[in-house]
Amino acid sequence: GARRTKNVLILMNDMGGGPRASAEAIRDAFHLEFGEEYRVFLKDVRKERIGWPWNDLDSASNFLLKHRQLHTVLFHFTSVRWIYSFILAALAAFYANFHPGVDRLYSPSEMVAKRALLDGLNESQIRVFALPIRPSFCRDIVCKDDLRVELEMDPQLPAVLLMGGGVGLGPLEETAKALGETLFDEQLAKPIGQLIIICGHNKDLASSLGSLEWKIPVKVRGFEAQMEKWMGACDCIVMKAGPGTIAEALIKGLPIILNYYIPGQEEGNVPYVVDNGVGVFIPSPKETAKLVAEWFSTRAEELKKMSQNALQLAQPNAVFDIVKDIHELACQRGTLASIPC
Ligand code: UDP
């Protein structure tokens, strides 16, 4: 019978690139699964007045995240590092407060689910599904060769993707330069790989890298709306330990080199990547470049194995599990309010 349109409002803190990407994933999955039955609205609560001290903490941490050099310098002073960690911990505590009255809590891991139980929620309120990733990462997949034509990349050379989440964090400039040197074979006088750098919202980085001369094929890009294409066209990724980018890289079968993590909130993602055999943690730009060069030559088997592990670990359908579960909840409530469903 005729179904009433339901409205979904997603409130998010549009910081970095992760929250928006997750919100878009849920919106797109609703559309694919239920068509016109749902209308989804995204709203950035950061633009609303959420009150002191959260708004100030938010802008303080955003400021530090944006100014990478300052951030790096600050980290050489333990006391400042402690304060910064405190700010991030306070933010995390703010967001990690679980309301015992929610109809449902979706948790990406058993660990978070356990924490919610400690906070007074009961089992029936909690569902453990992986992080919601935009359906474009697993639907309508275009093959690597075609993607490389579309993105005007070299058709043959193995490609490394370098990025640092939505705001372009981590030692990106040093790593780009090291890769530019190491992926050029001096003896044969030719490149053994190509480099894609996605700077996200970090405009300073994009302009400084964009003005350099390179010995190998390099593309420097700003914020890209179609990350699934760039990932699909590359063979490995160097990145900070952001949960969204990790989950996406797994879906695309990209072996991962983590070169940075945001203290506190992203720390636990490092052992997740390393222990599951899908990547390594290397903070040094030179060591990173060395490993990529080996992956593209003598250690190609290791790259292949990690790629297979990544595909096995990936959970591209979690976002559909989430929207279907929300739909069931909406139907139950609908019955109560005697709306046909
Ligand atoms: N992202 C994007 N375009 C860009 C850079 C990043 O769409 O140019 C997306 C990326 O695909 C991922 C998200 O931004 O979905 C980053 O989330 P993550 O959790 O890795 O880190 P955050 O940026 O939130 O710190």
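Since the structure is predicted, the reported quantities are computational estimates derived from the model, not experimental observations. Read the numbers this way: they start at 1 and go in the same order the structure lists the ligands and their atoms.
Counting atoms of ligand 1 from 1 in the listed order, those under 4.0 Å from a heavy atom of Lys240 are 21 (O), 22 (P), 25 (O). Residue Ala21 has at least one heavy-atom neighbour below 4.0 Å for each of these atoms of ligand 1: 15 (O). Listed by number with element, the atoms of ligand 1 under 4.0 angstrom from any heavy atom of Gly222 are 8 (O). Close approach of ligand 1 to Gly165 (heavy-atom distance below 4.0 Å) involves ligand atoms 5 (C), 6 (C), 23 (O). Contact atoms of ligand 1 toward Gly200: 8 (O) (distance under 4.0 Å to a heavy atom of the residue). Taking every heavy atom of Glu248 and a limit of under 4.0 angstrom, the matching atoms of ligand 1 come to 10 (C), 11 (O), 12 (C), 15 (O).
The single protein non-hydrogen atom nearest to atom 9 (C) of ligand 1 is Arg134 NH2, 3.8 Å, given as residue, atom name and distance. Scanning the protein heavy atoms around atom 22 (P) of ligand 1, the nearest turns out to be Gly17 N, 3.5 Å. The protein heavy atom nearest to atom 24 (O) of ligand 1 is Gly18 N, 2.7 Å. For atom 20 (O) of ligand 1, the closest heavy atom belonging to the protein is Thr245 OG1, 2.5 Å. For atom 3 (N) of ligand 1, the nearest protein heavy atom (residue, atom name, distance) is Glu224 O, 2.7 Å.
Residue Gly16 places no N or O, backbone or side chain, under 3.5 Å from any N or O of ligand 1. The distance criterion of under 3.5 Å between nitrogen or oxygen atoms is not met by Met231 with respect to ligand 1. Residue Gly244 places at least one N or O, backbone or side chain, under 3.5 Å from an N or O of ligand 1. Considering backbone and side-chain atoms alike, Gly166 places an N or O below 3.5 Å from some N or O of ligand 1.
By the 4.0 Å heavy-atom criterion, Ser22 is excluded from the residues contacting ligand 1. Using a 4.0 Å heavy-atom cutoff, Met239 is absent from the residues neighbouring ligand 1. The shell of residues lying under 4.0 angstrom from ligand 1, judged by heavy atoms, excludes Arg221. The shell of residues lying under 4.0 angstrom from ligand 1, judged by heavy atoms, excludes Arg20.
Of all the heavy atoms in Val319 and Ile133, the pair that sits closest is CG1-O, 3.5 Å. Looking at every heavy atom in both residues, Ala233 comes nearest to Arg148 through O-NE, 3.0 Å.
The side chain to side chain contact (heavy atoms under 4.5 Å, CB included) test applied to Leu311 returns no partner, not counting sequence neighbours. Every residue meeting the side chain to side chain contact (heavy atoms under 4.5 Å, CB included) condition with Arg27, not counting sequence neighbours, appears here in chain and number order: Glu24, Val40, Leu42.
Using modelled atom types, one side-chain atom of Arg104 and one backbone atom of Ser124 make a donor-acceptor pair closer than 3.5 Å. The closest donor-acceptor contact from the side chain of Asp14 to the backbone of Asp44 lies at 3.5 Å or more, if one exists at all. The main-chain N or O of Pro135 is never found under 3.5 Å from a side-chain atom of Asp28 such that the two would form a donor-acceptor pair. The backbone N or O of Pro217 lies less than 3.5 Å from no partner atom in the side chain of Gln194, so there is not a single donor-acceptor pair. Proximity of a side-chain donor or acceptor of Gln315 to a complementary backbone N or O of Phe129 within less than 3.5 Å is not detected.
With Val160 as the fixed residue, the side chain to side chain contact (heavy atoms under 4.5 Å, CB included) test singles out one of Ile197, Leu183, Thr175: Leu183. Paired with Leu291 under the rule side chain to side chain contact (heavy atoms under 4.5 Å, CB included), one option of Val238, Ile282, Leu303 passes, and it is Ile282.
Counting heavy atoms of neighbouring residues, nucleotides and ligands inside a 6.0 Å radius, atom CG of Asn7 exceeds 12 of them. Heavy atoms from other residues, nucleotides or ligands lying under 6.0 Å from NZ of Lys114 number 12 at most.
Residue contacts with ligand 1 for Met163 involve side-chain atoms from C-beta outward but no N, CA, C or O (heavy atoms, distance under 4.0 Å). Counting heavy atoms under 4.0 Å from ligand 1, residue Ile198 touches it through the side chain alone. Within the 4.0 Å heavy-atom criterion, both parts of Pro243, backbone and side chain, lie near ligand 1.
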